[in-house]
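Taking it in order: structure first as structure tokens, then the write-up.
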Protein chains: 2
Amino acid sequence: MDKSHVIDALHALAQETRLDVFRLLVKQGEAGMAAGDIAETLGVRQNTMSANLAVLARAGMVRSEREGRVIRYFADFDGMRGLLAFLMEDCCGGNPQLCQPVLDEIVCAC
Amino acid sequence: MDKSHVIDALHALAQETRLDVFRLLVKQGEAGMAAGDIAETLGVRQNTMSANLAVLARAGMVRSEREGRVIRYFADFDGMRGLLAFLMEDCCGGNPQLCQPVLDEIVCAC
DNA sequence: TCAATATATCAATAATTCTTGAATTATGGA
DNA sequence: TCCATAATTCAAGAATTATTGATATATTGA
């Protein structure tokens, strides 16, 4: 992931509704969620949500699949991976003791 | 780290100059770098850089120490840790196979 | 083909953010 | 104390972004 792509991803997540959407979709996992259900769940109008989903999709943080009339959205774990990898890329400028605590914190609860 | 704090951190990093600053300071590690040197290194005017450093500092992504006339900035690894921990918090909504590849990618090069 | 449903797009306004020149504050040295 | 240096703060204009009502597109079923 290049720098401008990373900036798009950070920008997409740096807004309350979109961060909520992303985390909701992360929780939904492989089930994903229909655009309308996302809007209703988060109490956001349909077209506002559509615009926000488009921002997340352009940034590679979510992807979508049409299912008949419904468009189902999913968190894009590849995008997430690229973002975190970039942010940690140079974490060890010769001082492992600085970055190790950061890595230790990122422990999956699964 | 709570949600609004996370949004501040994401917003702070979602801009080219500030992302460059953060990564520069990550590379500098414990040495940090004087505000003026950061501005000169990145080719940004001194007051523009000051404003950007203030955004990063408010977001908890950098911290500073005065050394005589100079103010030296450092990446804040605690802030970084909080941000990444929040983003990964719910990565395992019952499907470890989704999040494991994300975690595998975040491997420190040290 | 027509109506209903789900979602996206458009255009306009409101709000926020970025950059910059100018002014200000803080420190150290002569 | 006065000057030079390092950095911050202020105010204003330009640019970007968010939200919304209205409209358009796509799909399904009658």
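Below, read A as the first sequence line, B as the second, and so on, with proteins coming before strands; counting in each chain starts at 1.
- Checking the phosphate oxygens (OP1, OP2) of dA8(C), a side-chain nitrogen or oxygen of Tyr73(A) falls inside 4.0 Å.
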Item to check | salt bridge (Lys or Arg N to Asp or Glu O under 4.0 Å) between Lys3(A) and Asp20(B), intermediate numbers included | outcome: CA-CA 9 Å; Lys3(A) 190 167 68 175; Asp20(B) 288 344; 2.8 Å; yes
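- Nucleic acid contact class of Ala34(A) (heavy atoms, under 4.0 Å, all strands): sugar-phosphate only.
- Counting only heavy atoms from C-beta on, Val70(B) has its side chain closest to dA6(D) among dG21(D), dA6(D), dG21(C).
- Atoms CG (Leu56(A)) and P (dA8(C)) sit 12 Å apart, rounded to a whole Å.
- OP1 and OP2 of dT17(C) both lie 4.0 Å or more from every side-chain N or O belonging to Asn52(B).
- Atom CD in Glu16(B) sits roughly 14 Å away from atom P in dT16(D) (whole-Å rounding).
- Of the charged side-chain nitrogens involved, none lies within less than 4.0 Å of a carboxylate oxygen, so that Arg18(B) and Glu16(B) do not count as a salt-bridged pair.
- Side-chain atoms of Gln46(A) and base atoms of dA8(C) include a donor and an acceptor less than 3.5 Å apart.
- Shown here for Met1(A) and Phe86(A), the closest heavy-atom pair between the two residues is O-CD1, 3.7 Å.
- Rounded to a whole Å, the CD atom of Gln15(B) is 14 Å from the C1' atom of dT16(C).
- dA7(D) atom C1' lies 16 Å from atom CE of Met33(B), rounded to whole Å.
- Taking only side-chain atoms of Asn47(B), from C-beta outward, the nucleotide of dT19(C), dA7(D), dT9(D) with the closest atom is dT9(D).
- Judged by closest nucleotide on DNA chain D, Gly36(B) is the one of Arg66(A) and Gly36(B) placed further toward the 5' end.
- Summarising the geometry, the separation between CD1 on Ile7(A) and P on dT17(D) is reported as 12 Å, rounded to the nearest angstrom.
- With dA22(C), dC18(C), dT7(C) as the candidates, the nucleotide lying closest to the side chain of His11(B) is dC18(C).
- For Thr48(B), taking side-chain heavy atoms from C-beta onward, the closest of the listed nucleotides dA8(C), dT19(C), dT9(D) is dT19(C).
- For Arg69(A), whose side chain is taken as the heavy atoms from C-beta onward, the closest listed nucleotide among dT27(D), dT19(C), dT20(D) is dT27(D).
- Counting distance only, with no hydrogens placed and no angle test, the side-chain atoms of Arg45(A) and the base atoms of dT20(D) include no donor-acceptor pair under 3.5 Å.
- Judged by closest nucleotide on DNA chain D, Leu53(B) is the one of Met49(A) and Leu53(B) placed further toward the 5' end.
- Within the nucleic acid shown, Arg72(A) has no heavy atom closer than 4.0 Å to any nucleic acid atom.
- At whole-Å resolution of the value, CD1 in Ile38(A) and P in dA6(C) are 14 Å apart.
- For Ile71(B) and dG28(C), the CD1 to C1' distance is 14 Å, given to the nearest whole Å.
- Under the 4.5 Å side-chain contact rule for hydrophobic residues, Leu13(A) and Leu42(A) share a cluster.
- With respect to Glu67(A) and Arg72(A), a salt bridge is recorded, a charged nitrogen being found less than 4.0 Å from a carboxylate O.
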